[in-house]
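We number each residue from 1, following the sequence as shown. The shown structure was predicted, so the numbers you read here are calculated from the model rather than taken from an experiment.
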Amino acid sequence: MAARLVSLACAGLRRGFRNSAAGWSVSVSQTRFEGSTPETRPTVRPRNELQRNQLSQFGEYVAEILPKYIQRIQVTCFNELELCIHPDGIIPVLTFLRDHTNAQFKSLADETAVDVPTRPFRFEIVYNMLSLRFNSRIRVKTYTDELTPLDSLVPVFQAANWYEREIWDMYGVFFANHPDLRRILTDYGFEGHPFRKDFPLSGYVEVRYDDEVKRVVAEPVELSQEFRKFDLNSPWETFPAHREPIELPKLDAGEKKPETK
């Protein structure tokens, strides 16, 4: 009798397990089917008004402390704080952002430039700083032209050494009091600054290895007209010496039908 009761209980457990497994498989298939539907709504970053207000208040706080140098504060659409400063305020403003208790932007993530030839001060120098203490970023912008030098940031951030060398090489912005302001990307004797908008795309010189002098020589750029002609079907067809023209089979003309009026 006891054995029969045990067998009936086991059979009931097996039946219940099968039903629950079947229900679980149906729910999983439904979930997979629902998750496979394409998303039609655009992916837009939600607007965080609290973070935007906090960044704006911090920018106003810095502007109240350093009103002599900060000319404008703005918060971008992606909640990024930007400080637009006078060129004379590079050292004091960035030193304040590095050392102040409420800022602690101790990492210079990047330093770059933008060239806008239509402006009176065509070059915009951008400093991107990171605060590991508050997990926050800030962007500082200033301006200059071709002849006015800027103060080097190397005494404040050692990471600015190569950044400023790259800006000098690519844009021609001179940094005063830089310990080693040399070109860093272009070759020795290179003329011009490639990232300026008035610099030609083909450049001024081209380099090649000369077998006679056994070294690399620089010569003025010469682009023959043959290389300026392009064929969208096959570029090699513009050079007959590299490919013989393919003779296509010709069909004999058949008898013409008499014209009917």
Side-chain angles (χ1 to χ4, degrees), residues 59 62-63 65-76 80-99 103 105 107-130 137-207 216-223:
V62 177
I65 297 177
L66 300 170
K68 180 180 178 181
Y69 302 115
I70 297 180
Q71 299 176 337
R72 185 178 62 187
I73 60 172
Q74 58 189 11
V75 181
T76 64
E80 296 175 348
L81 179 60
E82 294 182 352
L83 302 179
C84 301
I85 66 174
H86 191 271
D88 294 338
I90 294 176
I91 299 299
V93 172
L94 273 70
T95 303
F96 170 84
L97 293 175
R98 184 195 64 178
D99 298 337
F105 291 95
S107 175
L108 180 64
D110 188 21
E111 180 182 350
T112 184
V114 181
D115 181 19
V116 185
T118 56
R119 297 179 181 175
F121 298 94
R122 60 182 295 182
F123 298 113
E124 186 178 70
I125 312 301
V126 184
Y127 304 89
N128 295 313
M129 304 176 67
L130 171 65
R137 295 178 182 270
I138 193 171
R139 184 179 297 114
V140 182
K141 295 182 178 181
T142 188
Y143 52 87
T144 186
D145 55 12
E146 300 96 326
L147 303 177
T148 306
L150 294 177
D151 292 332
S152 175
L153 197 63
V154 175
V156 183
F157 292 100
Q158 288 293 328
N161 192 330
W162 282 17
Y163 289 146
E164 292 177 352
R165 288 181 60 186
E166 183 178 355
I167 295 174
W168 160 249
D169 192 1
M170 296 290 104
Y171 293 94
V173 177
F174 186 83
F175 292 92
N177 302 323
H178 190 281
D180 186 19
L181 192 62
R182 294 178 296 155
R183 291 183 180 270
I184 191 173
L185 297 178
T186 55
D187 199 1
Y188 298 102
F190 188 87
E191 296 180 1
H193 305 280
F195 278 6
R196 288 188 178 184
K197 295 298 177 61
D198 51 5
F199 190 85
L201 296 178
S202 59
Y204 295 108
V205 296
E206 58 183 1
V207 295
V216 177
V217 295
E219 298 175 345
V221 175
E222 295 182 1
L223 296 177

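- A heavy-atom distance below 4.5 Å is not found between the side chains of Asn177 and Pro155.
- With respect to the salt-bridge test (charged N to carboxylate O, under 4.0 angstrom), the residues Arg196 and Asp198 do not qualify.
- Residues Ile73 and Val62 form no side-chain contact, since every pair of their non-hydrogen atoms from C-beta on lies 4.5 Å or further apart.
- For Glu124 (side chain) and Val116 (main-chain N/O), no donor-acceptor pair under 3.5 Å exists by modelled atom type.
- Taking both residues in full, the closest heavy atoms of Arg165 and Arg182 are given as NE-O, 3.2 Å, listed atom of the first, atom of the second, then distance.
- The minimum heavy-atom distance linking His193 with Trp168 is given by the pair ND1-O, 3.2 Å.
- Between Glu164 and Leu153, the closest side-chain pair of non-hydrogen atoms falls below 4.5 Å.
- Taking CD1 of Ile91 as the start and OG of Ser152 as the end, the distance is 7.0 Å to the nearest 0.5 Å.
- Scanning both residues, Arg139 and Asn128, for their nearest heavy atoms gives NE-OD1, 3.2 Å.
- Listed for the Asp145 side chain is a donor-acceptor partner under 3.5 Å among the backbone atoms of Thr148.
- Aromatic ring pairs are classed by plane angle as parallel below 30°, tilted from 30° to 60° and perpendicular above 60°; the pair Tyr204 and Phe199 is perpendicular.
- A salt bridge between Arg137 and Glu80 is absent, with no side-chain N of the basic residue lying under 4.0 Å from a carboxylate O of the acidic one.
- Interatomic distance, OG1 of Thr144 versus CZ of Phe175, reported as 8.5 Å (0.5 Å rounding).
- Looking at Phe195 and Asp115, their side chains never come closer than 4.5 Å, going by heavy atoms from C-beta outward.
- Scanning both residues, Ala160 and His178, for their nearest heavy atoms gives O-NE2, 4.4 Å.
- A distance of 11.0 Å separates CZ of Phe157 from OH of Tyr127, quoted to the nearest 0.5 Å.
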### Message
Does Glu146 form a side chain to side chain contact (heavy atoms under 4.5 Å, CB included) with Phe123? I'd like the steps, not just the answer.
### Response
CA-CA 8 Å; Glu146 300 96 326; Phe123 298 113; 3.9 Å; yes

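- One finds the CZ atom of Arg72 at 12.5 Å from the CD1 atom of Ile85 (value rounded to the nearest 0.5 Å).
- Side-chain contact check for Met129 versus Leu108: some heavy-atom pair is nearer than 4.5 Å.
- Put simply, the side chain of Asp169 gets close to the backbone of Leu185: a donor and an acceptor are under 3.5 Å apart.
- If you take NE2 on His86 and CD on Gln71, they are separated by 6.0 Å, rounding to the nearest 0.5 Å.
- Summarising the geometry, atom CG belonging to Leu97 is positioned 5.0 Å from atom CD1 belonging to Ile138; distances are rounded to the nearest 0.5 Å.
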### Task
Any chance you could lay out the side chain to side chain contact (heavy atoms under 4.5 Å, CB included) test for Thr76 and Glu82, step after step, and finish with the verdict?
CA-CA 8 Å; Thr76 64; Glu82 294 182 352; 3.3 Å; yes

### Worked verdict on Arg98 versus Leu94 for side chain to side chain contact (heavy atoms under 4.5 Å, CB included)
CA-CA 6 Å; Arg98 184 195 64 178; Leu94 273 70; over 6 Å; no

